[in-house]
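To start, the structure under review is shown below, and the notes come after it.
Every heavy atom of this structure was used, including side-chain atoms; hydrogens, water molecules and symmetry mates were not.
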Amino acid sequence: MKELYTNDSMLTFEGEQYSGVANILGKVSSFGQIRHVIKSFDAQPSVNNGILCFVSGDLFIGEDQNPVKFAQVFHLLPGGSAGFFCFNDMFRLNYG
């Protein structure tokens, strides 16, 4: 996952902002075991040959079999060690 972010990247998770590889990976690793089941995925071309993506679906945390709905928007830009990197990443849990 380290290859997806650079020190220019930013993650907003439930309204809290994290920037740079170390801070983002620190937050993501704090979740423990998670599994995503993607229900929808949309993508559009963006400026500077980037890709804007919107994903929604179910999130399973640990051994819990009751999913939490999530929505995520991320902006991929050319560059980084994987060819593209995640410049912006916004994630929300959908309670209701």
Side-chain angles (χ1 to χ4, degrees):
M1 178 182 290
K2 180 171 85 171
E3 298 81 24
L4 291 177
Y5 298 99
T6 70
N7 283 329
D8 295 323
S9 300
M10 178 173 272
L11 165 69
T12 301
F13 181 85
E14 290 294 303
E16 295 182 20
Q17 294 184 340
Y18 304 87
S19 61
V21 176
N23 292 328
I24 292 171
L25 293 180
K27 179 60 179 174
V28 171
S29 66
S30 74
F31 303 141
Q33 180 186 353
I34 57 172
R35 180 172 57 96
H36 297 83
V37 176
I38 296 172
K39 300 290 184 174
S40 70
F41 175 82
D42 299 297
Q44 296 179 355
S46 71
V47 297
N48 299 325
N49 296 315
I51 305 168
L52 184 64
C53 303
F54 176 71
V55 178
S56 66
D58 296 331
L59 183 71
F60 294 86
I61 302 169
E63 299 298 320
D64 192 351
Q65 294 303 308
N66 298 312
V68 176
K69 302 290 184 189
F70 77 92
Q72 182 176 18
V73 174
F74 52 95
H75 187 204
L76 302 174
L77 290 178
S81 61
F84 277 88
F85 73 97
C86 186
F87 184 63
N88 301 99
D89 191 349
M90 296 180 281
F91 190 96
R92 283 283 180 175
L93 298 172
N94 299 321
Y95 300 106

When rounded to the nearest 0.5 angstrom, what distance separates [atom1] in [X] from [atom2] in [Y]?
X   : Y   : atom1 : atom2 : result
F13 : R92 : CZ    : CZ    : 9.5 Å
S9  : D89 : OG    : CG    : 8.5 Å
T12 : N88 : OG1   : CG    : 8.0 Å
F85 : D8  : CZ    : CG    : 6.0 Å
H75 : N48 : NE2   : CG    : 7.5 Å
I34 : D64 : CD1   : CG    : 13.5 Å

How about N49: does its CG atom have over 12 heavy atoms from other parts shown lying under 6.0 Å from it?
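Count not over threshold, so no.
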
ILVMFWY network linking [X] to [Y], side-chain heavy atoms under 4.5 angstrom:
X   : Y   : answer
F54 : I38 : no
Y18 : M10 : no
V21 : F87 : no
L4  : V28 : yes
M90 : F84 : no

Give the C-alpha distance, both sets of side-chain angles, the deciding distance and a yes or no for side chain to side chain contact (heavy atoms under 4.5 Å, CB included) between K69 and D58.
CA-CA 5 Å; K69 302 290 184 189; D58 296 331; 2.7 Å; yes

Over all heavy atoms of both residues, which pair between V37 and F60 is shortest? Give the atoms and the distance, please.
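Of all heavy-atom pairs spanning V37 and F60, the closest is CG2-CE1, 3.6 Å.
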
Keeping the roles fixed (side chain from E14, backbone from L93), state whether a donor-acceptor pair exists under 3.5 Å.
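The answer is yes, because a donor-acceptor pair under 3.5 Å joins these two groups.
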
Test item: Q65 side-chain N/O and E63 main-chain N/O as donor-acceptor pair under 3.5 Å:
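Present.
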
Could you walk me through whether F74 and L11 pass side chain to side chain contact (heavy atoms under 4.5 Å, CB included), step by step?
CA-CA 9 Å; F74 52 95; L11 165 69; over 6 Å; no

With ring centroids as reference points, do F91 and F31 lie under 6.0 angstrom apart?
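Ring-ring flag for F91/F31: false, centres at least 6.0 Å apart.
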
